[in-house]
Structures are given as structure tokens and as C-alpha cells.
Protein chains: 2
Amino acid sequence: MAKPPHPDPRRTLTLRDVSEASGVSEMTVSRVLRNRGDVSETTRERVLEAARRLGYVPNKIAGALASQRVNLVGVIIPSLSNMVFPEVMTGISDVLEDTGLQPVVGVTNYLPEREETVIYEMLSWRPSGLILAGLEHSEASQAMLAQAGVPVVEIMDIDGTPVDSAVGISHRRAGRKMAEAIMAAGYRRIAFLGTQMPNDHRAKKRLAGFEEVLAREGLQLADREFYSGGSALLKGREMTAAVLKRTPDVDFLYYSNDMIGAGGLLYCLDQGIDVPGRVGLAGFNGVELLDGLPRRLATMDACRLDIGRLSAEIVSGKRPNGIIGGEIIELSPTLQPGDTIRSA
Amino acid sequence: MAKPPHPDPRRTLTLRDVSEASGVSEMTVSRVLRNRGDVSETTRERVLEAARRLGYVPNKIAGALASQRVNLVGVIIPSLSNMVFPEVMTGISDVLEDTGLQPVVGVTNYLPEREETVIYEMLSWRPSGLILAGLEHSEASQAMLAQAGVPVVEIMDIDGTPVDSAVGISHRRAGRKMAEAIMAAGYRRIAFLGTQMPNDHRAKKRLAGFEEVLAREGLQLADREFYSGGSALLKGREMTAAVLKRTPDVDFLYYSNDMIGAGGLLYCLDQGIDVPGRVGLAGFNGVELLDGLPRRLATMDACRLDIGRLSAEIVSGKRPNGIIGGEIIELSPTLQPGDTIRSA
DNA sequence: TTTGTGGCCGTTAGCGGTAACATAGCAAAA
DNA sequence: TTTTGCTATGTTACCGCTAACGGCCACAAA
């Protein structure tokens, strides 16, 4: 542990230190450091030099308190390991980059109580906006969001009533769309494989939409299988094996996400099962992982990048039209038929 | 947009509001809300009730400024989409959970300048600690870290000199270890496939260690191939195809990460290439994805969970021994031979 | 009665910045 | 010369909360 290379080892620096070192008032230093107000070129130089020399780092806590402005946007998502949220984050960061706003993420692990505390924590930092996944929140959460006094954007899903704004797709409709494609291709004995989903409302909605269409044709799911935890790819294999064993006459496997779908696909190929002849397969999400698989899994793109971008535009007040809040943007997921649905 | 369900729609609430609503001083409210100091049970109840009723959310900005304590830990990583950092984050969160500390992540995209500004931003919030990936930082970054006055833990890598503490593995040694296993299995015409790595120092170190061992045996890499961007799985396929075509006599493919390794594995299996007889394969990281592949790719676990945990223990002052700083913890990655290295 | 003693609660003085306003200095306009 | 109008800088009053300390009261011990 080398000792700090600068003078005054202990106490952390304040504006006053810079002000004394450069012979001007704290206010002038503040102005220089924020590029605000008029400062002569010579004093500006002098102040910057002093700040650099001392290694001064402004205290945003104090700044935020004084100015009543916090350049933070809270982003609350269920999980990071999901592969879906990193892309949303990318969209958000892209847009926020040149607004001076900074995303701060919180993770809920799909737990409503956890979400509640994360929202509380976030709001206690008085961010300039909040982006959070899903439309389903505890009553207390809803109340906090409504009170927040800043833009709140609920993302991913639009089947429901947002507190303020919403950007997403209709998962119900996505489920329907996929079912229609599958039916059109002539499959009839269809199984669903997905996560145990007490709190994955979006997966639930997709399944509901999916079953709706089946019902219209007088059909119902031939089988269903759920999992939780573990390697999704492996689970996909195992579940697929289980379903094919239990219900040998299924001719289609609809997965609630691409990862388990990919596992199922690998399993079928391993087993020499004719895909999409003997069984068809489809997933959901459009993860780029699929590009590397031996065959392209049918899937549906969830518009994650756009969702990120648009939500960031809303919280940062960048929406072209001057809408202030309460905007609801529905994106349309596109079906990517891949090679695992036979052409009708 | 429903109107807020609570009174006083505009102005955001302060301690004063709660204090007036409950007929005690702001200080007492503060004490109740923080569970600090003595307050009678009856006033405690009364205050809590008022706070709940009003929907009061404390202002941590003000609290932090007044108390000079910020319950935030900055975590600075190169990328989220990596599959490796989510697991580190999990380890960190696990430990921080019951310390009152909260992680705040910043992403650098492997750009040193970006890292510099992220560090600056982080420090301007005066966090109680900083965890950041890697030992290589710009000079300005190093200076800021040294000045920070809070615990700084550099993670993932220990081949170098940390500013303060470090937790990680020796990537150089990991590369050596893998090379030794490969040599021991009798492979001799070895190719390396990895990311273009101007700033991935760890991959670079692994490769250096790897080549060191080859050199000891009078060997050198038979071929090498680099990529950047795109679907790692797909790139793995493409690169593998390219290498096998260009250098048909290679008998081993060493990948810089598991994702491209998995792509390579899938490609070889597709092509009916005998693995591990004709060519052996190995990756790095131990991602759980591998569990679902048709064959288990040889890899080396990077101890990500432990790295996360230990770094969090250090910043939170939870290390069992009372070491204050400057601790360096080297973890030992374990080789997982899988099914893609023939047994010697 | 006096003197602790401890529980409960209020007062005061900041924390480190910034908004808003005041002011000094000086050149151009009257 | 005086007035006006800038520009560059300083002053003051907070922002919302908490540390530190002080006061008051009831009750026990001396």
C-alpha cells in the first residue's frame, strides 16, 4: 500500500480546498467545474489546474442536495443472468449516454417483496426517473411509484395498466401469433415447456395467448412441463426428453424461452429426431446465441433493444412529440420461423 | 394517469411533514426511521403510522451528506453481456445483502477512458468501497483510486500490483496449467482462438502463460485466430472452420472463452470430426451453459462466485482476520477436463 | 432533601455544494 | 462626465438530514 501521492492524506477534499489553492471563491470553482456561468479564461485555467493537481473529485451528494437535481435513472429488473436484460440495458445506456443521466440498476430476482424494497431504495436517492420491468407490482410499490413525482416507465409488457408510461410488447398477442403460425403449419399435438412461473407474468401471458388460439381450434395442450433453476440449456434437454417419453405423439414443443428451446433442439438432433418433420420447435426472445446452433430455432424477437431505447427516451424527456407522461408504446415482435417449423 | 392516491400531490415529502403529522420533532422521526437512539414505543408507533400514511420515503442524499456515510459500493466491470460478470455480481450481492451496503454497477466496455470516467463518477458519490475488474488502469485512474480513501478491491486477476486489495486467479498460471494438461495428453499441433484483445488483459495473460509452456517443449502455436463482436457461438464455429481449413493438421483448439469453445465443439460434431481423438478442445470460464452441450467442453473454472464473495467481504470489512487493506487473495482455478481432451 | 441516573426528546450547527442575488470593475453610449 | 450594460466574481441562504449535545422528568439511592 503506497501512501497517497498527494498532500493531505486523510481528509477528503472539498471545494474550499480548491478555492484556497487557486485564490478564488468556492462559487467560482463550482462554476468552472460545471461549465456554468461566465468565468474568465485565466481563472478557469487556474482553477482547473488546482483541481487537477489536488486530485479533487466533486461531491455529487452535496451537489444533488443543493441543486435538487440527481442525474440518476433507476433501472429495476428481475435478473441479470437472463440474457434478455443486458440487451435492454444496452439500449438504455445508448440513449442516456448523451443526456448526462446515468443508469443505476437494481435486481429483484422476480420477488415482489424484493422489488418493493428496491423501489424504496431507489426512490430514496431521488432519481430523475425510473424504468422497471413488468406491470405487476405490490400495492405499496404502486403507491410509491405514483407518488414518485418523476417519470416512471414500465417496460417489456403492455398487457395491463401502467402507473405512468409503458414500452413493450403484448405477450398475450405474441403467444397467439406463435400459436397461429404453429397451427398453420399443421401441428396439432402441442406441448409447452417453460419455467415454473409464479412471478414470471410475461411467460404466463404468452402461454395464455397461446392456449387461447388452441382453444379456438378445439385443441388443448397435449402436455406441459416446468422447471426452475439450473442450467437452462440442460433443463431444456431434460424436459424435452421427459415430454417425448411421456407423450410420444406430440408433434410440437413450445418453449418459454430460447435457452431451454436450444437445449431441446440439441437433444432432438442428438436423438436423430426429424426436426421439423417429426416435431417442430419454437422458443421466445431472439437471443443471439441461436445464431450458432446447428439449426435455427424458431423464435420471436422481443424488441429488447428498442424497449431499452424508447424507455430511456421517455425518462430523459427526449421523446420527439412533447408528450409529458402516460405514454404507452406497443412494439410488435416479429416471428422468426427459423428451421424448426415446417413450412405449411 | 390516475392522480396520486395521497394528499399533497406536488411537493415531495420531508421529515418535517412526518414530524408535523405526528407531533414530534424531526429528530425523533429520524431516530424512529433509522432505529437509532431511544424512542418510546408509543411515539415510535405514531411516527411510523404517519410515515406510512403519507408515503414518506427518506432522502438518502441529505442523509448521506449529513452523516458522511454512503451505503453504496461501486462495482466497475467491463461488460454485462459477458456471462461471467453476472455470477460475480451474484457473489457480491449475496455478501452485501446483510451489511446494509448496496452495489452500484458501472460498465466500461473494456475502454480505459471509459473506465476513467466511470471511476470518477463513482467516486463522486463517495461510496464506501469500490470493486473493479482488472489491475490495469490509466494513470489518472490509479491516482483516483489511491486517493479514494475507501477500500478498493481489484478482482479477477492477481498478476500485477493492486492499488489496495486484490482477489482473483493468476491467468498466466491458468494458461500454463491448461497447456500442461494438453501437452500431457499428447497434443502437439495447437491453435489458439480468441477475442481481439487490445484491452482484455486477462485473456492476454492466459495466452502468454500458455505459450510459455509450449515454448518449454520447443513448440509454438500452430495457428491463431481472433474475432470481435457478434454472436460468440457463431464466431466459434466460423473461426474453427477457418482454422481447420487453413491448418488441417492441428490437433488441438484452445479457445479464450467457453462460448466460442462451445461454438467450435458444435461445429466439430456437425462435421463428424472425432473429438477428442482427431482434435481436442478447451475453453475457459466454466459457464453453466456447457452442461447442456452434447459433450462437455474442457474448461477451467474461474472461481467467479468466490471472487465476488471475497471482494464483497473485503469492502464491507467482513474479512475474518482483521486485515485492513492491501490484502491479496489468490484463488486456484480447477481444470475440468470434460470430454474434449483425450486421456493421456 | 439531595444527588445521581437513565430514558426520552428537542435544539443547534453543520455536511459540501448550488441558486439567486448582489457587487465591483470597466468599456461603450449618452 | 455620467449613465448604462456587461462580465466576472463574491455573498447569502438554504437543500434535507444527522451528530452532538443539552434539558427535562421520573425514579432510585444516599
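This structure is a prediction, so every number in the text was calculated from the model and none was measured.
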> Under 4.0 Å between a side-chain N/O of B:R34 and OP1 or OP2 of D:dT18, yes or no?
Replying inline: yes

> Which of these, A:Q142, A:E154, A:E116, sits in a side-chain hydrogen bond (donor to acceptor under 3.5 Å, both in side chains) with A:H137?
Replying inline: A:E154

>> By nearest atom, which of the nucleotides C:dT18, C:dC15, D:dT9 is closest to the A:S30 side chain?
In response: C:dT18

> How long is the line joining CD of B:E26 and C1' of D:dC15, in whole Å?
Replying inline: 12 Å

> So which nucleotide from C:dC15, D:dT18, D:dT9 ends up closest to the side chain of B:M27?
Replying inline: D:dT18

> How long is the line joining CG of B:L15 and C1' of D:dG16, in whole Å?
Replying inline: 7 Å

> Do the side-chain N or O atoms of B:T43 get closer than 4.0 angstrom to the phosphate oxygens (OP1, OP2) of C:dC9?
Replying inline: yes

>> Classify B:R44 by what it touches in the nucleic acid, base, sugar-phosphate, or nothing, heavy-atom distance under 4.0 Å.
In response: nothing

> Separation of B:L65 atom CG from D:dC17 atom C1', in whole Å?
Replying inline: 8 Å

> With respect to the side chain of A:V39, which nucleotide from D:dT9, C:dC15, C:dG17 is positioned closest?
Replying inline: D:dT9

>> Let's see if you can work this out: which of C:dG17, C:dC8, C:dA19 has an atom nearest to the side-chain heavy atoms of B:R126?
In response: C:dG17

>> Looking at every non-hydrogen atom in both residues, tell me the closest pair between A:I158 and A:G168 and how far apart they are.
In response: CG2-N, 3.6 Å

>> On DNA chain C, does the nearest nucleotide to B:S25 precede the nearest nucleotide to A:R69 from the 5' side, or the other way round? Give the residue.
In response: B:S25

> Which nucleotide, D:dG16, C:dG17, C:dG10, lies nearest any side-chain atom of B:T28?
Replying inline: C:dG10

>> Output the rounded distance in Å from NZ (B:K60) to P (D:dT18).
In response: 11 Å

> Counting only distance, no hydrogens or angles, is the base of C:dG10 paired donor-acceptor with the side chain of B:R31 under 3.5 Å?
Replying inline: yes

> Side chains of B:E121 and A:N71: closer than 4.5 Å at any heavy-atom pair?
Replying inline: yes

> Distance check: side-chain N/O of B:S40 vs OP1/OP2 of C:dC9, anything under 4.0 Å?
Replying inline: yes

> Does CD in A:E139 sit with more than 12 non-hydrogen atoms of other residues, nucleotides or ligands closer than 6.0 Å?
Replying inline: no

>> Looking at D:dG16, I'd like to know if its phosphate oxygens (OP1 or OP2) sit under 4.0 Å from a side-chain N or O belonging to A:Q68.
In response: yes

> Just wondering, are more than 12 heavy atoms of other shown residues or ligands nearer than 6.0 Å to CZ in A:R16?
Replying inline: no

> Does A:S67 make a side-chain N or O approach to OP1 or OP2 of C:dG17 shorter than 4.0 Å?
Replying inline: no

> Does the side chain of A:Y56 get closer than 4.0 angstrom to OP1 or OP2 of C:dG17 through an N or O atom?
Replying inline: yes

> At under 4.0 Å between heavy atoms, what does B:N59 touch on the DNA or RNA strands: base, sugar-phosphate, or nothing?
Replying inline: sugar-phosphate

> In this structure, which one of A:L145, A:I314, A:I119, A:V315 forms a side chain to side chain contact (heavy atoms under 4.5 Å, CB included) with A:V152?
Replying inline: A:L145

> Rounded to the nearest Å, what distance is computed from the CZ atom of residue B:R16 to the P atom of nucleotide C:dG10?
Replying inline: 12 Å

> Which residue lies toward the 5' end of DNA chain D, B:V57 or A:E41, if each is placed at its nearest nucleotide?
Replying inline: A:E41

>> What is the distance, to the nearest angstrom, from the CZ atom on A:R36 to the C1' atom on C:dT18?
In response: 10 Å

>> If I take atom CG in residue A:D38 and atom C1' in nucleotide D:dT7, what distance separates them, rounded to the nearest angstrom?
In response: 6 Å

>> Between B:T14 and D:dG16, is there a contact of a side-chain N or O with OP1 or OP2 at under 4.0 Å?
In response: no

> Once you round it to whole Å, what is the distance between P of C:dG16 and CG of A:L54?
Replying inline: 15 Å

